Amino acid sequence: MFSSGKQLCPLLEDLRAAETLPAMSASTRAACRLSGIRGSLKNVRKVFDRCVNGVVQRTFSSATHEENEAEVRESTFSAPNFPSPLKTKLKLNDNILPFSAFLRDGFGRRHNYLRISLTEKCNLRCQYCMPEEGVKLTPRNQLLSTSEVLTLARLFVQEGVDKIRLTGGEPLIRADVLDIIAELKKLQGLKTLAVTTNGINLSRLLPKLKGAGLDLINISLDSLVPAKFEFIVRRKGFHKVMEGIDKAAELGYNPVKINCVVMRGLNEDELLDFVALTETKPLEVRFIEYMPFDGNKWNFKKMVSYQEMLDRIRQRWPDLERLQAGPADTAKIFKVPGFTGQLGFITSMSDNFCSSCNRLRITADGNLKVCLFGNSEVSLRDALRSGAPDEELLQIIGAAVGRKKKQHAGKNRQKHHLLDATEVPVFI
């Protein structure tokens, strides 16, 4: 049995010398020290199998807090001088800042973008998002408190997350949303704080949101026809949303992102009208392929693919040009030459962007979700409320990230895996 982390990698060196294992880099050996495995030579080989290019895949895989806690105890070195996971990070090379191994998965993806759902409630009932009768809500005492939201956010930012997006439900109906934004902006290392909203309450709150430090805004809008808008969302409010969009532009948000879920037979005839909005306004209209979830009666015929949308738009604007996007951007970005704004396509169904995914999600009830298309979750709320220290929380987070699949939670997207009603496109 190994008594300290210092004994582990020399043994791997011996195995390598015996041509049992290939050569390992210093960062890989650091990753092995982080994995906290204790056991026989067989276990050492398992450690190496999980250490590729400096990436750690945890050996514990339970989805419940109790089982995670037990396995963390089982697999952690007992030596008092073993470095705290909170302070231990991998240095990839001399030109890249260290990034926490707990937020890297087995495919080398670095998760620096966190979505936090502030509430399950929403003041709309969008057809693609929620059944008309709504969804069963989690009891209030099981939802994350303000202090719990801030505690988890601090921990993730401390480990390398530099962008947080607040979502829902509808995040702007949470009474303390301004306080949460103001506190999040104080986190050292957080570069971008964003919100995705349906826009109903936006105009009223926007000056205070900006004052609190909100950096980016995404607004859901699926029709420019008031009657059709009300049909899609099953509520009134079109003019409030448009007022919020104009107010955001007026206050200097650039671009103001508009999320439009395109559904055949419902709003695909408005594609050109949405693009025309970008002519004089600092907007980025993002056309989202219609995604399935349990309750929206999704079928393949309702989905309008990225390529079909692009072809229609190019018939009107043949000189449409594609812009360079960032390595982890979800949208394919285009611009009509001479227009102020731009447009994008979220191609979750026809051309997934899983290989560059850098996103993690925390649900309103405190579950960590590593993939939008997956049902696997682990409760951070339960760990927090049991008094777990940061080190233990990081072990749980690292285990979940380490289990993340290569794409779409390991499911064949052609089978059109159904999302549940808490996993709606508002998270995008």
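Predicted model only: the values in this text are computed from it and were never measured. Basis for what follows: all heavy atoms, side chains included, without hydrogens, waters or symmetry-related copies.
Between F345 and F334, the ring center distance clears the sub-6.0 Å criterion.
Geometrically, R359 does not engage Y113 in a cation-pi contact, judged by NZ or CZ lying under 6.0 Å from the ring centre and within 45° of the ring axis.
Residues I397 and V401 form a side-chain contact, since some pair of their non-hydrogen atoms from C-beta on lies under 4.5 Å apart. Between E284 and V256 there is no side-chain heavy-atom pair separated by less than 4.5 Å. Between E170 and K121 there is no side-chain heavy-atom pair separated by less than 4.5 Å. The side-chain heavy atoms of L368 and F156, taken from C-beta on, include a pair separated by under 4.5 Å. Contact annotation: the side chain of N198 never approaches that of I219 to less than 4.5 Å [non-hydrogen atoms, C-beta and beyond]. Looking only at side-chain heavy atoms (C-beta outward), L271 and R316 stay at 4.5 Å or farther from each other. Side-chain contact between R235 and R125 is present, with at least one heavy-atom pair separated by less than 4.5 Å. Here the side chains of L283 and T340 are not in contact, with every heavy-atom distance at 4.5 Å or above.
Across every non-hydrogen atom of F102 and L394, the tightest pair is CD2-O, 3.1 Å. Annotation for F339 and V275: closest pair CE2-O, 3.9 Å, computed over non-hydrogen atoms.
Using modelled atom types and a 3.5 Å distance limit, the side chains of T138 and E120 yield a donor-acceptor pair. Looking only at atom types and distance, the side chain of T278 has no donor-acceptor partner in the side chain of Q342 under 3.5 Å away. When only modelled atom types and interatomic distance are considered, T196 and R165 share a side-chain donor-acceptor pair under 3.5 Å. A donor-acceptor contact under 3.5 angstrom links the side chains of D162 and N112, judged on distance only. Counted by atom type alone, Q307 and S350 present zero donor-acceptor pairs between their side chains at under 3.5 Å.
Atom CZ of R140 sits in a sparse spot, with 12 or fewer heavy atoms from other residues, nucleotides or ligands closer than 6.0 Å. Atom NZ of K281 is surrounded by 12 or fewer heavy atoms from other residues, nucleotides or ligands within 6.0 Å.
Considering D222, N267, D269 as possible partners of K228, the one that fulfils the side chain to side chain donor-acceptor pair (under 3.5 Å) test is D269. For the pairing with V262, the side chain to side chain contact (heavy atoms under 4.5 Å, CB included) check across V304, I346, I288 returns one residue only, V304.
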Using the salt bridge (Lys or Arg N to Asp or Glu O under 4.0 Å) rule, take K236 and E230 through it: C-alpha gap first, then chi angles, then the decisive distance, then the call. CA-CA 5 Å; K236 296 183 181 297; E230 292 179 14; 3.5 Å; yes
Step-by-step side chain to side chain contact (heavy atoms under 4.5 Å, CB included) determination, T192 to I164: CA-CA 6 Å; T192 305; I164 290 178; over 6 Å; no
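In terms of modelled atom types and a separation under 3.5 Å, the side chain of E148 and the main chain of R381 share no donor-acceptor contact. Side chain of H239 to backbone of G237: no donor-acceptor contact under 3.5 angstrom is found. Side chain of K335 to main chain of G341: a donor-acceptor pair is present (N/O by atom type, distance under 3.5 Å, no hydrogens or angles). Side-chain atoms of K404 come within 3.5 Å of backbone N or O of V370 as a donor-acceptor pair.
At a threshold of 4.0 Å, the pair E308-R264 counts as salt-bridged, since one of the basic side-chain nitrogens sits closer than that to a carboxylate oxygen. Under a 4.0 Å N-O distance rule, the pair K185/D215 qualifies as a salt bridge.
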Throw together a table of side-chain donor-acceptor distances under 3.5 angstrom for residues 199-214, partners on residues two or more places apart or in other chains.
residue: S203; atom: OG; partner: E243; partner atom: OE2; Å: 3.2
residue: K210; atom: NZ; partner: L251; partner atom: O; Å: 3.3

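For R174, the salt bridge (Lys or Arg N to Asp or Glu O under 4.0 Å) partners are D176, not counting sequence neighbours.
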